[in-house]
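What follows is one structure encoded as structure tokens, with my remarks underneath.
Counting starts at 1 for both ligands and their atoms, in listed order.
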Amino acid sequence: MTQTVGIIGAGLVGCLAALAFAEKGFEVSLFELRDDPRKVDPGNLRSINLAVSDRGIRALKYVDNDMAERVLKHVIPMYGRMIHDTTGTKQQSQKYGLFGEGINSIDRSFLNKCLLDEIDKSSIKVYYKHRLIEVAGLKGSSPTVVFSTDENKRATFDFDYLVGADGAHSQFRYQMQKSMRMNISQDYIDMQYLELSIPPSKDQESPFSIDAHHLHIWPRKNFMLIALPNENGSFTVTFFSPWSVMEQLKNESEFLQFFKSNFPDAYDLIGEDSLKHAFHHHPRGSLMQVEVYPYHDPSGRAILIGDAAHSMVPFYGQGMNCGFEDVRVLMELVDKHGADAFKLYSPSRRDDLRTICKLALDNYYEMSSKVVSKKYLLRKKIDGILGKLAHGTWWIPLYTMISFRGDINYSDAVAREKRQSRVLKGIEVGFYTGAILAAAKALHWWKNK
Ligand SMILES: Cc1cc2nc3c(=O)[nH]c(=O)nc-3n(C[C@H](O)[C@H](O)[C@H](O)COP(=O)(O)OP(=O)(O)OC[C@H]3O[C@@H](n4cnc5c(N)ncnc54)[C@H](O)[C@@H]3O)c2cc1C
Ligand SMILES: *[C@@H]1O[C@H](CO)[C@@H](O)[C@H](O)[C@H]1NC(C)=O
Ligand SMILES: *[C@@H]1O[C@H](CO)[C@@H](O)[C@H](O)[C@H]1NC(C)=O
Ligand SMILES: *[C@@H]1O[C@H](CO)[C@@H](O)[C@H](O)[C@H]1NC(C)=O
Ligand SMILES: *[C@@H]1O[C@H](CO)[C@@H](O)[C@H](O)[C@H]1NC(C)=O
């Protein structure tokens with residue numbers, strides 16, 4: 001008999017999970033609180049741009065290679081960071097990869113719509129305007145989910161398996177932890193974000209007013225601005241700062257003055273009217289970190305994936321990529337172990353999820369301050385030289401492992417980085433010439449280790 005799966009949440013991760021289970025022959029139902037986003041005006045949805053990288057792409061391809069190609073047709077590759085200085089006149093490119101690799105910019109709601117188009121072509125049943133309110137029967141043989149629909153009616157369904165992909169404020173998680181011993185931590189990070197945008201340029205030559213193939217950063221230590229390109233030539237801009245910085249800007253003119261003095265070139269690109277509008281009308285987003293353990297219930301029939309299981313700060317660009325990887329890891333276990341998959345998933349995923357949540361937090365400091373430090377740049381240079389020499393074998397920079405080498409798991413990446421960083425510290429003692437000699441030595445030692 002065909003086994004049934006109910007997936008809660010038709011965000012990015014829930015959609016990919018639905019496609020993956022359908023591909024394996026399960027009968028899949030997908031439930032979403034909101035209406036079909038392709039039908040409604042996306043008005044109040046935040047236009048967050050995501051960077052899709054190797055782990056995400058790998059997972060999409062694992063589910064369906066052709067689907068992955070269709071979905072990723074509209075991404076814009078970014079090959080490095082473009083650092084904007086405080087005078088607004090100088091830009092400096094810092095490449096991400098050693099061999100021309102890039103991460104890919106795409107609008108989150110656009111990607112979500114592409115995945116829903118794929119779902120429409122499959123046998124998956126989608127229920128919009130269904131808000132999960134209760135999960136019951138986890139101790140019995142078939143768990144039950146209860147929804148409230150838009151007519152304020154209750155709708156009840158039974159499934160063999162349940163997957164909770166309902167995001168950082170997961171109701172599914174709340175329901176699950178009532179009947180089991182689940183550890184949960186939730187931390188609001190002292191950081192807010194404000195969405196802004198740079199309009200397409202009126203120039204005939206190119207619709208992009210700054211380089212399209214970079215992730216632009218205005219690092220200012222305590223706070224920063226970043227910009228990611230869109231297909232139509234606009235850039236989605238995000239201002240990150242501690243809450244206190246934003247709260248000190250009491251009125252419009254103080255806000256404008258702050259922008260003008262800290263980000264003079266961005267000020268002109270975004271435009272004064274647009275900044276004024278954002279100050280008065282755009283919401284301030286908060287950033288939260290959620291960690292959970294275990295991810296499955298004791299009967300092995302329900303599981304949490306994506307942001308519902310691990311909400312991380314966006315500074316390594318891994319939230320969705322990691323959620324997509326969850327789907328791949330889970331499906332590989334389903335292939336190998338059938339009904340035991342959910343129980344095996346938690347212990348096998350734990351270290352990797354903890355590792356990436358921590359890395360994401362640490363990377364704020366790197367993006368907002370370290371990218372302009374001489375010491376960091378020197379270290380990065382040596383790291384790059386060794387990485388190039390090794391050509392993806394005995395020495396790989398951390399950023400490369402996380403973003404371009406989905407075959408290396410997060411915890412292994414950090415373990416390797418620890419070893420590499422010990423060697424780098426040794427090398428740093430000398431300066432350029434000295435460093436090269438030392439590098440040769442270190443290389444020799446490393447190879448014969
Ligand atoms: C500013 C910012 C920048 C980011 N940049 C990146 C990046 O560059 N790269 C990257 O990989 N990630 C990035 N992320 C993270 C990424 O957005 C998330 O990791 C990803 O969207 C998580 O997907 P999800 O499907 O798990 O959850 P969500 O996208 O939150 O989807 C959850 C879905 O469940 C539905 N739902 C909620 N409650 C219920 C309910 N009770 N009943 C039914 N349905 C429900 C919601 O309506 C929603 O559709 C960024 C995040 C932010 C905030
Ligand atoms: C939950 O946290 C406590 C305290 O840190 C720990 O002792 C316990 O083993 C954890 N439980 C699980 C299931 O991880
Ligand atoms: C360009 O695309 C972005 C992201 O998809 C969208 O938010 C914006 O409204 C578009 N801008 C214009 C001028 O079309
Ligand atoms: C904004 O606030 C500052 C300091 O509180 C004040 O001096 C200034 O007059 C205010 N400007 C406007 C336009 O209200
Ligand atoms: C991560 O990779 C290392 C090295 O290949 C391996 O030993 C470890 O088992 C992997 N962890 C998981 C959870 O797959």
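Annotation: ring pair (Phe, Tyr, Trp, His ring centres under 6.0 Å) contacts of F342 (sequence neighbours excluded): Y161.
Backbone and side-chain nitrogen or oxygen atoms of P314 are examined, and none is located within less than 3.5 angstrom of a nitrogen or oxygen of ligand 1. Residue-to-ligand polar distances keep Q171 apart from ligand 1: every N/O pair is separated by 3.5 Å or more. Ligand 3 has no nitrogen or oxygen under 3.5 angstrom from a nitrogen or oxygen of N230. Backbone and side-chain nitrogen or oxygen atoms of E32 are examined, and one is located within less than 3.5 angstrom of a nitrogen or oxygen of ligand 1. The distance criterion of under 3.5 Å between nitrogen or oxygen atoms is not met by E195 with respect to ligand 1. Backbone and side-chain nitrogen or oxygen atoms of G306 are examined, and none is located within less than 3.5 angstrom of a nitrogen or oxygen of ligand 1. For ligand 1, the polar-atom distance check finds no N/O of L50 at less than 3.5 Å from any of the ligand's N/O atoms.
The ring of Y127 has its center no closer than 6.0 angstrom to the ring center of F147. For F172 and Y174, the ring centers are positioned 6.0 Å apart or more. For F404 and F99, the ring centers are positioned 6.0 Å apart or more.
V13 CG2, 3.8 Å is the protein heavy atom nearest to atom 24 (P) of ligand 1. Considering only non-hydrogen protein atoms, atom 28 (P) of ligand 1 sits nearest to G167 CA, 4.2 Å. Here the heavy atom of the protein found nearest to atom 36 (N) of ligand 1 is D166 CB, 3.8 Å. Given atom 44 (N) of ligand 1, the protein heavy atom at minimum distance is L33 N, 3.1 Å. If you check which protein heavy atom lies closest to atom 19 (O) of ligand 1, you get D307 OD1, 2.7 Å. Protein heavy atom at the shortest distance from atom 21 (O) of ligand 1 is R108 NH1, 3.3 Å. Nearest protein neighbour of atom 11 (O) of ligand 1, counting heavy atoms only, is M320 N, 2.8 Å. What sits closest to atom 8 (O) of ligand 1 on the protein, heavy atoms only, is A51 N, 2.8 Å.
Salt-bridge check for R416 with D412: passed, with a basic side-chain N closer than 4.0 Å to an acidic carboxylate O. For the pair R38 and D120, the salt-bridge criterion is met [side-chain N within less than 4.0 Å of a carboxylate O]. Between E332 and K336 there is no salt bridge, since no side-chain N of the basic residue sits under 4.0 Å from a carboxylate O of the acidic one. Note on K358 versus D362: salt bridge recorded, some NZ/NE/NH1/NH2 to OD/OE distance being below 4.0 Å.
One N or O on the side chain of H213 and one on the backbone of P77 form a donor-acceptor pair closer than 3.5 Å. Using a distance-only test at 3.5 Å, with no hydrogens or angles considered, a donor-acceptor pair links the side chain of D64 to the main chain of D66. With hydrogens and angles ignored, the 3.5 Å screen pairs a side-chain donor or acceptor of T4 with a backbone N or O of D160. Looking at W243, its side chain does come within 3.5 Å of a backbone N or O of M191 through a donor-acceptor pair. Using modelled atom types, one side-chain atom of S105 and one backbone atom of P229 make a donor-acceptor pair closer than 3.5 Å.
Numbered from 1 in the order shown, with element, the atoms of ligand 1 that lie under 4.0 Å from a heavy atom of G317 read 7 (C), 8 (O), 9 (N), 10 (C), 11 (O). Residue L12 approaches ligand 1 through these ligand atoms, each under 4.0 Å from one of its heavy atoms: 21 (O), 25 (O). Proximity to R131 (heavy-atom distance under 4.0 Å) selects the following atoms of ligand 1: 41 (N), 42 (N). Remark: ligand 3 atoms within the under-4.0 Å shell around heavy atoms of N232 are 1 (C), 2 (O), 3 (C), 8 (C), 10 (C), 11 (N), 12 (C), 14 (O). The atoms of ligand 1 that sit less than 4.0 Å from any heavy atom of H130 are 42 (N), 43 (C). Against a heavy-atom cut-off of under 4.0 Å, G9 is close to the following atoms of ligand 1: 33 (C), 34 (O), 35 (C).
Between Y399 and Y316, the ring-plane angle classifies as parallel under the 30° and 60° cut-offs. Note on ring orientation: taking the six-membered ring where Trp is involved, the planes of H281 and H277 are tilted (angle from 30° to 60°).
Atom 52 (C) of ligand 1 has its nearest heavy-atom neighbour, among V52, N112, I48, in I48. Between the choices V145, L132, N49, the shortest heavy-atom distance to atom 42 (N) of ligand 1 belongs to L132.
By the 4.0 Å heavy-atom criterion, A165 is counted among the residues contacting ligand 1. Using a 4.0 Å heavy-atom cutoff, S234 is listed among the residues neighbouring ligand 3.
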Please tabulate, one line per pair, the protein N or O atoms found under 3.5 Å from any N or O atom of ligand 2, giving the distance to one decimal.
residue	atom	partner	partner atom	Å
ligand 2	2 (O)	N183	ND2	2.2
ligand 2	11 (N)	N183	ND2	3.0

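When each of Y267, F255, F279, F259 is checked for a ring pair (Phe, Tyr, Trp, His ring centres under 6.0 Å) with F239, only F259 meets the rule.
Here Y193 has side-chain heavy atoms under 4.0 Å from ligand 1, and that is the only part of it that gets that close.
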**Study point:** Chi angles and distances behind the ring-ring contact (aromatic ring centres under 6.0 Å, His included) call for F258, F223
**Key:** CA-CA 12 Å; F258 174 85; F223 49 86; 5.0 Å; yes

Exercise for review: For the pair D351 and S411, evaluate side-chain hydrogen bond (donor to acceptor under 3.5 Å, both in side chains) and give the outcome as yes or no after the intermediate values.
Suggested key: CA-CA 6 Å; D351 289 348; S411 32; 5.2 Å; no

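Side chains of R220 and F263 form a contact here, defined as non-hydrogen atoms less than 4.5 Å apart.
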